[in-house]
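Side chains are part of it too, since the values below use all heavy atoms of this structure and drop only hydrogens, waters and symmetry mates. Throughout, protein chains are lettered first and strands after them, A, B, ... in sequence-line order, and every chain is numbered starting at 1.
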2 protein chains.
Amino acid sequence: MFIHGRPTATVGLSGRHLQMTRRIPPAPPPPSRPVTIHDVARRAGVSTATVSRAIGNPGQVTEETRSRVLAAIRATGFTPNATARNLRARSTKTVLVLLPGLGNSFWNVIINSLEDVLSEHGYGVIFGDTRNDPEREAHYERLVRSGQVDGLLLFTGRLPHPDFIQLDRTIPITLVSNEVPGCPDLPLIGIDNRAAAAEMTRYLIGRGHRRIAHLTGPHGHPEAAERIKGYRDALAGAGIAHDEALIWPGGFDPASGRRGAERFFALADRPTAVFAASDEGALGLIKALKDRGLSVPEDVSVAGFDGIEYSGIYDPALTTVLQPRSELGRLAGENLVKRMDRSAPPPPPARTHLACTLLIRDSVGDGPAAGRKGALRANRRAAT
Amino acid sequence: MFIHGRPTATVGLSGRHLQMTRRIPPAPPPPSRPVTIHDVARRAGVSTATVSRAIGNPGQVTEETRSRVLAAIRATGFTPNATARNLRARSTKTVLVLLPGLGNSFWNVIINSLEDVLSEHGYGVIFGDTRNDPEREAHYERLVRSGQVDGLLLFTGRLPHPDFIQLDRTIPITLVSNEVPGCPDLPLIGIDNRAAAAEMTRYLIGRGHRRIAHLTGPHGHPEAAERIKGYRDALAGAGIAHDEALIWPGGFDPASGRRGAERFFALADRPTAVFAASDEGALGLIKALKDRGLSVPEDVSVAGFDGIEYSGIYDPALTTVLQPRSELGRLAGENLVKRMDRSAPPPPPARTHLACTLLIRDSVGDGPAAGRKGALRANRRAAT
DNA sequence: AGGATCGATGTAATCGATTACACGCTTGAG
DNA sequence: CTCAAGCGTGTAATCGATTACATCGATCCT
């Protein structure tokens with residue numbers, strides 16, 4: 001791969017011309033002070049209280065004054081200042097969603113269903129990208145502590161600060177996907193990583209694989225740790241000896257898949273299948289294997305985890321664990337909404353673990369033990 | 001592909017137990033009213049004004065009172081209420097970034113560099129996902145009109161409302177990537193789509209292709225339209241007759257690539273190369289071609305546009321147009337920061353068009369005219 | 001008819017911070 | 001010794017909306 005670069009064009013200039021033509025009319029209305037409720041009140045010949053009521057409590061004002069106020073609002077182009085309103089209401093009707101990285105397509109569906117639920121209940125949503133960077137986390141902590149949001153959805157699996165948890169007394173926090181160490185009494189909506197990983201591993205065993213490697217997620221990541229456990233559960237359940245050399249430290253990115261491939265080629269006794277803890281890792285791994293002349297699934301089988309969109313258009317289409325992302329988002333949103341409702345008593349902080357489904361596609365083939373009695377038995381067990 | 005589903009587990013119950021143990025201590029401090037500047041003032045034995053000054057204008061208070069105030073702040077755990085502060089300051093030091101869809105990995109790099117620049121200048125960033133849905137757009141319009149943000153970065157190429165532009169007199173707006181129809185005097189940071197598309201098309205011609213199809217972006221999308229123009233420019237420049245049957249309506253998603261493949265197979269006189277207006281479309285197209293038994297680039301060449309991460313780990317690695325995403329984000333951020341600075345005169349609303357680079361990888365092979373004199377000439381021209 | 005009631009509206013307090021202005025004390029110059 | 005300047009601090013206005021309470025008529029009941 002090389003970069004074939006040629007500057008096609010650089011900076012346009014048309015703006016300068018436009019700017020000059022725009023300066024000629026001597027500033028129609030000057031940087032006009034934004035229109036407030038007082039302007040509307042004056043114009044409609046009522047008090048500000050009446051204007052406020054006409055907007056928020058129709059029924060408390062005559063139909064006649066109301067229409068007069070609405071006309072004044074339309075004429076002036078008034079929009080209530082949300083900051084003032086929030087100050088008075090001590091609430092912003094806004095939820096902050098903290099993610100470890102916004103650009104990842106894994107969030108796509110979750111974000112959408114999340115937003116649907118929250119906006120249905122009248123909440124706005126803003127997203128924050130922490131990149132697991134303490135400075136960034138501190139920035140968002142300030143956003144929360146300073147009362148800018150009414151609730152917090154935490155996807156990151158980490159808190160900016162050990163004391164952050166005390167916020168739970170200020171605003172509700174709901175964890176999504178990731179446990180946060182040391183916070184057992186925050187509600188969590190996640191998946192059953194261990195069971196899902198075990199199921200995929202059993203599927204691989206059922207296809208006749210006996211030497212199965214696991215490309216893990218990031219070190220210290222709670223979900224990744226659960227997936228490792230599930231992988232081990234399944235191996236142990238099938239009576240397959242554990243081989244530490246088949247556990248490859250990875251991450252949730254394609255580069256970690258490439259590193260996994262290096263491990264693969266370095267082994268004398270290579271695995272016949274690799275179960276990756278993320279689709280991104282799996283795809284990076286497949287690419288690296290193919291680059292070295294192997295084919296998937298003929299030479300090696302590879303399975304992933306997550307079910308991102310790209311895994312379906314890869315060649316081969318990736319066999320993977322499909323996370324119920326839409327439901328995850330919906331439940332997380334509903335949970336938070338309930339806890340933000342100050343009128344009702346808060347529901348108990350339950351931990352919800354959703355089931356995943358296997359998405360069998362084309363990246364896993366039969367292993368050396370396929371067709372044997374043991375394989376069939378394992379297969380049947382996996383499909384129960 | 002079929003779904004091999006088995007409910008591994010459903011809902012955990014540990015929460016109920018936790019809840020019960022948690023209820024026993026009789027609510028240590030009741031839902032304590034958040035601590036305000038008055039609490040700090042009282043504790044430090046000074047006025048609220050002094051507290052405020054101790055925080056914001058050190059130097060205006062004695063070192064001794066200052067430390068006393070800081071001690072009181074630490075003791076009470078005080079964090080200034082940002083809503084009140086914003087109300088008074090008539091500014092929130094926050095920027096809203098509106099995207100047509102957050103989950104797309106194309107935004108990854110842009111978002112990061114954007115955030116870096118803005119936070120360097122003391123601005124927070126919040127993201128909004130419009131999905132090109134008028135209702136959602138209206139929601140964010142309210143956010144802007146109600147003074148919740150100081151500036152707006154618009155990636156969506158559309159305005160919620162024709163009058164939205166008047167906001168330009170309220171808060172600065174900077175367009176990124178996409179022109180908005182009818183808004184010639186908003187500054188824009190984008191790329192030179194036409195030149196880049198022409199360059200890629202010339203590269204295909206240079207590799208000996210003569211029948212080149214173009215899988216377009218979404219109908220009506222300004223950048224996609226420019227890319228079509230560039231494609232046509234290059235064909236015309238090489239004296240290749242235009243064939244309307246080779247322009248396939250697409251989108252920025254893999255599904256549109258599949259539809260493109262259907263067009264491909266429906267043609268009697270098939271193209272030898274396809275230039276897609278997006279990587280996502282290109283990948284979807286390749287997958288569909290391979291599913292029908294063709295190989296890329298041996299049977300057909302495919303080129304993309306954007307340079308998303310996945311294009312590099314695909315098999316074959318995609319030859320594509322690399323957008324300078326990091327620079328795009330940085331310039332957009334800097335432009336907006338300058339315009340939000342009320343002390344300096346606003347810079348003229350220029351339109352900046354950055355150059356892209358070709359990323360030559362493995363998805364384009366030689367066409368039937370390769371090696372011929374004309375091909376060489378075209379090739380040389382493309383590489384100038 | 002007189003007083004209670006109710007409905008529509010205005011007045012003013014309030015949310016929590018910032019900041020213009022006033023005040024009092026210290027200090028230095030004349 | 002007096003007055004101005006300067007510094008540190010407090011008082012109160014302010015940002016823009018919401019809302020408790022007061023007010024004023026009109027209506028209704030006995």
Would you check if the side chain of B/D129 reaches a backbone N or O of B/R131 as a donor-acceptor pair within less than 3.5 Å?
-> yes

Angle separating the five-pair end axes of the helix from C/dA1-D/dT30 to C/dG30-D/dC1, nearest 10°, is 60°

Which heavy atom of A/G333 sits nearest a heavy atom of A/L118, and at what distance?
-> O-CD2, 4.0 Å

Can you pull the contact range of chain A along DNA chain C, 5' to 3', using atoms under 4.0 angstrom from its heavy atoms?
-> C/dA8 to C/dG16

Of residues 47-61 of chain B, the positions that come close to DNA chain D - non-hydrogen atoms, cut-off under 4.0 Å | B/S47, B/A49, B/T50, B/R53, B/G59, B/Q60, B/V61

Does the B/R68 side chain pair with the main chain of B/A44, one donor and one acceptor, at a distance under 3.5 Å?
-> yes

Any idea which heavy atoms bring B/V35 and B/G77 closest together, and the distance?
-> CG1-O, 4.0 Å

Near DNA chain C, under 4.0 Å by heavy atom, which residues of residues 80-93 of chain A?
-> A/L87, A/R88, A/R90

Backbone N or O of B/V117 within a donor-acceptor pair of the B/H121 side chain at under 3.5 Å?
-> yes

Salt-bridge present (A/D341, A/K338; N to O < 4.0 Å) = no

Closest contact, heavy atoms only, B/D39 versus B/P34 = OD2-O, 4.2 Å

Assign each of A/E64 and B/T36 the nucleotide of DNA chain C bearing its closest heavy atom; nearer the 5' end lies the nucleotide of A/E64

Residue pairs fulfilling salt bridge (charged side-chain N to carboxylate O under 4.0 Å, His left out) with at least one residue in residues 82-99 of chain A, sequence neighbours excluded | none

Would you please say whether a donor-acceptor pair under 3.5 Å links the side chains of B/N86 and A/T83?
-> no

So, for B/T36 and B/F78, which heavy atoms are closest and what is the spacing to 0.1 Å?
-> C-CE1, 3.5 Å

Heavy atoms of A/T130 and A/E137 approach each other most closely as CB-CG, 3.9 Å

CA sep, side-chain torsions, deciding dist, call: B/W107, B/F155, ring-ring contact (aromatic ring centres under 6.0 Å, His included) | CA-CA 10 Å; B/W107 308 120; B/F155 284 75; 5.3 Å; yes

Strictly below 4.0 Å, heavy-atom distances to any atom of DNA chain C: list the hits from residues 69-77 of chain B, or just say none.
-> none

Does the side chain of B/V46 reach to within under 4.5 Å of the side chain of B/V51, using non-hydrogen atoms?
-> yes

Looking only at heavy atoms, which two atoms of A/Q148 and A/T94 are closest? And how far apart?
-> O-CB, 4.3 Å

Please determine if B/D150 and B/R339 form a salt bridge, counting it only when a charged side-chain N lies under 4.0 Å from a carboxylate O.
-> no

